[in-house]
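The structure appears below as C-alpha cells.
Quantities reported herein were computed from a predicted structural model and do not represent experimental measurements.
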Amino acid sequence: MNQKKIKWNIVLNIKTVCDTVHEKNLKIDRTKKYVEALKRLTNYFGAGEKEVWILGFALWYQMTNSENEIKLGSFAEFLGTNVLYAASLNKEFCNLEKKGYINYDSIKGEYSLTKELIHAVMNNQNLPQLSSTNTSYTDFIFAVQNKINSLKYEEKAWLEIDYALEKLEDYYSDLTFIKACKDKMHSQYERYIFYCIASEFLSYPTFSTNLDQILDYFYKYNAKYKVARQFMDGSHILIKNGYVEFCNKENLNDATVKLTEKGMRFLLGSDYELYEKQISDDAVIKPADIQEHKMFYNKDNLTQIERLYNILDENNFERIRNQLSKKGMRKGVAIVLYGGPGTGKSETVMQLAKKTGRGIFLVDISNTKSCWYGESEKKIKELFDNYKKLCKRFENEGNKNIPILLFNEADAVLSRRREVKDSNIAQTENAIQNIILNEMDNFTGIMIATTNLIENLDPAFERRFLFKVQLQNPDAETKKALWRDKLSFLNEKQAQKLASEYPFSGGQIENVSRKICMEEIISGQKPGFDFVTQACKEELFMHEGEGNQVGFCL
C-alpha cells in the first residue's frame, strides 16, 4: 500500500541535524534551524534527540559507504566523541530496534537501518508500522530462524544466539504467544529449543529436527549432555509436558524430534486446523455400505439387542446424553458383546449401525502394534483422538448420528494386564491398556468391543462397559427359524431335525447355507435334504464317534 507523502523534506531536515552535530563533541549549537528540524524529525520518527542522531548518521553512512553494518566507533567519530559514549546509548539503540527502525547487534556493536525505513525516508513518505504491534507468532518464529541461520557458524555462536533470541523475545514481548511460552516454559532455554523446533515445523511441516544440532546452539560440553539426558529419559519439560516427541531415538547423534499435536496447537492456535490431519471418509464404514441382514436371537438376547437399538436411535441417544450430562454423569456409551465364535457379535454391531443410521470407525488392532518403543501407545492415543475429531466434524456439520468406535475381536488389547518384571512387551501392553482405560473414563461417544474370551477381560474394564451383552448360541427354536430363513425349501420337520441334531452357532448355519447355495448354482437344481445333512456333518471338525479330523494326526 502506498504511503502518504509529507509536505516537508525529510532528507534535508536530517542533513540539518547531521551538519549541526558532526564532530562537535556533543557541544551542539541549537540554532532555530536545528531546533525546527529536530522537532519535525522527533515527531516523524516518534523518537528522542539522540535517537534522531543515530538514524541520521546511519542514513548518511549507508548512502556513502558500501558496507551495510555500521560500527559504534564510526558513530562516535561522527559525533566527535569516544566510543564509550556511543556504547552508553544502549537504551536508544534498543528503542530503535523495538520500533523496527534498525537491526542492532550489541555483541558486535553493529547496526543497520531497515529497508522499510530507508524506503519511506527516501520517498518522503510517512513511516509504515514497523514495530511488533501488528506482528504474529510466525513473524517471531521466522525471525528466530533467520537469526540462528545468520549466527550459527560464527565463533562462539552459542553466546550470540542466546543473546539474539533474548532480544527477539523482548522485541516481540507484546505477542500473546510469547507470554504463553514464558508461562509454560519458565527456562529461557526451554523456550529457545521450542522456538527452533517450531521454526523447522513452519518451514518443513513433514520434517523432523536433529536434537544434537539444536542443543549445540545453546549448550556446550557437560551442560549439553545433561540436557540431552533429560530428553532421552523423558524428564525434559518439552517431552514431559507433551509439546515435543521423538521421531528417532536410537542415539543422540541420530535423534530427531518434532512437535506433538499439543505442541502444534500451542504454536498455531486457531491456525491449527490448517495443519490438522483430516480423517478420510474412507476410514468410516457408511450405513449405506452395510448390507442389511435379518438377525435371529434367543429371547433374552433379543430383549437386550432391542434395548441397544433404542438407546442408539438418533433422537433417544441425544436426549440420553443430555440428561446424563445434566446429572453430572458420563455421557458416553461403552458396550461389550461377548460369546463364542459365530454367535453374531460383529454382525450385530453392523446391523445396529445400519438400523440407527450410524457409520462405523473400525479399529485395526494389528495396526496398533509396533516394534518401536512407545509407538504402539502413540497409535492408540491417536486412534481415540481421530475418533473425537470425527465426532466433532459430524456435530459441526449438524449430523447427530456420530459413528460407532468398534474394537472387533478386542482380546488383544483388553485382556488381563501382565506382570511387568523385565518384559518390554508386557510394559507396552499394560501402557496401551492404561491409555484405553483413561480414554474410556472421559469418553463421550459410542464404543463397542467384541470378544470371544470374556474371561480374559481385565477387571478394570468391567465397570467402564455400561452394557455387557452375552450373545449365546441359538436355542432349538432360534436355530429352526434360522434354517428356514436361510434354506427356504426346507419344511418344518426338516428344519426341526437340523436344529435338534446339530449344535451349530449362527455362523455355522450361515456356512452350510452358503455351501448349499454354491451347489445349487453349480448343479442348476436345489440340493436334496441328504446333501444338506452331509454339509452339516462336514461343517463339524469332528463327529462324535465317527468322521474325519481336519488336519494331521500322529
Steps toward side-chain contact (heavy atoms from CB on, under 4.5 Å) verdict (L390, F361): CA-CA 9 Å; L390 198 60; F361 187 61; 3.9 Å; yes
Geometric class of the F177/F194 ring pair [parallel <30°, tilted 30-60°, perpendicular >60°]: tilted
Worked check of ring pair (Phe, Tyr, Trp, His ring centres under 6.0 Å) between F266 and Y272: CA-CA 9 Å; F266 181 75; Y272 174 73; over 10 Å; no
Polar side-chain atom of K27 near backbone of V21 as donor-acceptor pair, under 3.5 Å: no
Evaluation steps, salt bridge (charged side-chain N to carboxylate O under 4.0 Å, His left out), between D212 and K224: CA-CA 9 Å; D212 191 35; K224 170 189 170 180; 2.6 Å; yes
Separation of E395 CD from N401 CG (nearest 0.5 Å): 11.5 Å
Any donor-acceptor N/O pair, N124 side chain to I10 backbone, under 3.5 Å: yes
Criterion salt bridge (charged side-chain N to carboxylate O under 4.0 Å, His left out) on R330 and D441, from CA distance to verdict: CA-CA 8 Å; R330 286 177 291 163; D441 279 336; 3.8 Å; yes
Test: R358 cationic atom under 6.0 Å from F317 six-membered ring centre, within 45° of axis: yes
Within the 6.0 Å centroid threshold, strictly below: F384 and Y387: no
Where T16 and T20 come nearest, the two heavy atoms and their spacing: O-OG1, 2.8 Å
Closest contact, heavy atoms only, I239 versus G234: CG2-CA, 3.8 Å
Distance-minimising heavy-atom pair for M122 and V11: SD-CG2, 4.3 Å
Exercise: do S235 and D233 side chains pair donor with acceptor under 3.5 Å: yes
SG on C181 to CG on L267, rounded to 0.5 Å: 8.0 Å
Partner of Y195 by side chain to side chain donor-acceptor pair (under 3.5 Å), out of Q145, E169, K147, E200: E169
R191 side chain vs M185 backbone, donor-acceptor pair below 3.5 Å: yes
SB check K381 D385 (cutoff 4.0 Å): yes
Flag, side chain of N322 to backbone of E318, donor-acceptor distance under 3.5 Å: yes
Trace of the side-chain contact (heavy atoms from CB on, under 4.5 Å) decision for I14 with L59: CA-CA 9 Å; I14 290 176; L59 184 66; 3.7 Å; yes
For F78, the option from Y61, F57, W53, Y85 that meets ring-ring contact (aromatic ring centres under 6.0 Å, His included): F57
Trace of the side-chain contact (heavy atoms from CB on, under 4.5 Å) decision for Y111 with L96: CA-CA 10 Å; Y111 68 98; L96 292 174; over 6 Å; no
Short N-O contact, E51 and K91, less than 4.0 angstrom: no
N103 side chain to E97 side chain, donor-acceptor N/O pair below 3.5 angstrom: no
Donor-acceptor contact present, side-chain E245 to main-chain V257, <3.5 Å: no
Polar side-chain atom of Y219 near backbone of A228 as donor-acceptor pair, under 3.5 Å: no
Sidechain-backbone polar pair: K249 side chain, M232 backbone, donor-acceptor under 3.5 Å: yes
Candidate pair E92 and K50, rule salt bridge (charged side-chain N to carboxylate O under 4.0 Å, His left out), full reasoning: CA-CA 7 Å; E92 283 75 9; K50 294 174 183 177; 5.1 Å; no
From L215 atom CG to K226 atom NZ, the distance as rounded to the nearest 0.5 Å: 13.5 Å
Side chain S199, main chain F142, donor-acceptor under 3.5 Å: no
side-chain contact (heavy atoms from CB on, under 4.5 Å) between Y137 and Y172, intermediate numbers included: CA-CA 9 Å; Y137 68 91; Y172 289 91; over 6 Å; no
Separation between CG of D458 and CZ of R464, rounded to the nearest 0.5 Å: 9.0 Å
Donor-acceptor under 3.5 Å (R40 side chain, N13 main chain): no
Distance, nearest 0.5 Å, that separates CG of L405 from CG of L362: 9.0 Å
Shortest non-hydrogen contact from C391 toward I402: SG-CB, 4.0 Å
D170 side chain to E166 backbone, donor-acceptor under 3.5 Å: no
Shortest non-hydrogen separation from F231 to F246 and the atoms involved: O-CE1, 3.2 Å
Shortest non-hydrogen contact from I102 toward T114: N-CG2, 3.9 Å
